[in-house]
Number of protein chains: 2
Amino acid sequence: MEDAEGTVPARLRALPSRLVNQVATAANRLVDRALAGAGARRYHFALLAALEEFGPASQAALGRRTGIDRSDIVATVNELVARGFVERSPDPGDRRRNIVTVTPEGVRHLQELDRLLAGVQDELLASLSADERDRLVALLTRVLASPPG
Amino acid sequence: MEDAEGTVPARLRALPSRLVNQVATAANRLVDRALAGAGARRYHFALLAALEEFGPASQAALGRRTGIDRSDIVATVNELVARGFVERSPDPGDRRRNIVTVTPEGVRHLQELDRLLAGVQDELLASLSADERDRLVALLTRVLASPPG
DNA sequence: GCGCCAACATTGGCTCAACCAACAATCAGG
DNA sequence: CCTGATTGTTGGTTGAGCCAATGTTGGCGC
């Protein structure tokens with residue numbers, strides 16, 4: 001990412017797959033750094049955001065909504081429970097399921113993460129106008145929408 | 001990535017950092033799968049491409065050009081040497097340095113990787129027109145060009 | 001009711017990308 | 001000559017993204 005030596009090979013620069021990867025790496029660095037300030041990681045934000053938007057859900061449902069593997073959901077919920085941001089309780093209607101619920105502290109935490117991440121977006125897209133940002137988001141959304149092999 | 005349960009939280013979908021990350025994940029899956037068919041990984045391609053474009057270089061220079069860490073360059077060059085795609089020889093003018101050179105077999109291998117990756121780009125950007133692909137590349141390039149943090 | 005398959009939570013593993021620290025050897029500048 | 005920077009290398013660490021196995025539970029056909 002340093003990009004000393006001036007240039008990056010033209011073939012690499014032209015490849016959209018690599019380009020997207022470089023931007024994602026930069027974005028992830030910024031995001032991780034911002035979240036680290038609040039003692040959080042990306043999975044924490046993804047889970048809290050999903051819970052806030054859709055309400056309490058089973059761990060499997062959370063996995064489907066966030067694209068996070070079920071086994072990784074377990075660890076993430078553990079960490080969020082340990083910090084009091086989330087509660088895990090058995091579903092009375094289906095004893096296989098745990099119902100995960102956001103606590104008020106979790107909501108507050110999510111709001112802080114929201115604030116931090118909004119700053120990251122501005123930092124990441126600093127060189128684009130508002131119009132260009134919208135177009136970038138639209139293009140990426142369409143790429144994502146098409147069946148990914 | 002499954003996106004069952006229909007929806008992804010709107011907050012997550014709207015965040016460019018997450019969007020770019022999702023697209024990069026999809027791209028990496030496609031790339032890894034394509035390269036695996038040739039027994040290669042992304043670092044292999046990045047190194048070979050840099051060597052072909054700029055000619056023989058020291059390992060540190062390769063790291064700067066590709067954004068790959070020096071320590072990871074070591075392992076990658078080892079692998080490429082083992083497969084006869086690259087040669088590592090001491091720099092007579094600076095005994096700290098190794099000069100890495102592509103072999104003819106390496107060039108052939110790179111051409112195969114080129115072909116494989118071109119197919120991946122088409123697959124990844126199937127939902128975009130040629131014009132839109134250019135605009136996406138242009139936007140991503142500008143995001144990358146601005147000082148990342 | 002019984003049997004079977006699906007879904008769930010959990011554990012424990014794996015690979016890869018992206019780093020970082022330390023080290024010895026070497027080089028370049030003052 | 002001495003100091004500081006550069007280089008290759010070793011040996012880590014972290015998180016993301018997976019996958020398989022296990023035991024429990026639900027739902028369904030019969």
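In what follows, every heavy atom counts, from backbone to side chain, and hydrogens, waters and symmetry copies are set aside. In what follows, chains carry the letters A, B, and so on, assigned in the order in which the sequence lines appear, proteins first and then strands, with residues in each chain numbered from 1.
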Between the main-chain N or O of B:Leu117 and the side-chain N or O of B:Gln121, is there a donor-acceptor pair closer than 3.5 Å?
-> yes
From A:Leu47 CG over to A:Thr66 OG1, what is the distance, rounded to the nearest 0.5 angstrom?
-> 5.5 Å
Give a yes or no answer on whether the side chain of B:Asn28 reaches the backbone of B:Ala24 with a donor-acceptor pair at less than 3.5 Å.
-> yes
Among D:dC18, C:dA9, C:dA17, which is the nearest nucleotide to the side chain of A:Val74?
-> C:dA9
So, is A:Gln59 near the phosphate of C:dC8, with a side-chain N or O under 4.0 Å from OP1 or OP2?
-> no
Start at the 5' end of DNA chain C and walk down; is the nucleotide closest to A:Asp72 or to A:Asn21 reached first?
-> A:Asp72
Quick one: the side chain of A:Asn98 and the base of C:dC8, do they pair up donor-acceptor inside 3.5 Å?
-> no
Report the nucleotide, chosen from C:dC19, D:dT9, D:dG8, that has the shortest atom-to-atom distance to any side-chain atom of B:Arg88.
-> D:dT9
Salt bridge B:Arg142-A:Glu132, side-chain N to carboxylate O under 4.0 Å = yes
Would you please confirm or rule out a distance under 4.0 Å between OP1 or OP2 of C:dA18 and any side-chain N or O of B:Arg42?
-> no
Mind checking B:Asp32 for me? I need base, sugar-phosphate or nothing, with any heavy atom below 4.0 Å counting as a touch.
-> nothing
Looking across every strand, which nucleic acid part, if any, lies under 4.0 Å from B:Asn28 by heavy atom: base, sugar-phosphate, or nothing?
-> nothing
Salt bridge or not for B:Arg41 and B:Glu79, using N-O below 4.0 Å?
-> yes
Kindly compute the distance separating OG (B:Ser89) from CG (B:Asn98), expressed to the nearest 0.5 Å.
-> 7.5 Å
Readout for nucleotides 20-26 of chain D: B = base within 4.0 Å of protein heavy atom, S = sugar-phosphate only, - = neither; 5' to 3' it is -----BS
If only side-chain N and O atoms of A:Arg29 are considered, is one of them under 4.0 Å from the OP1 or OP2 phosphate oxygen of C:dA18?
-> no
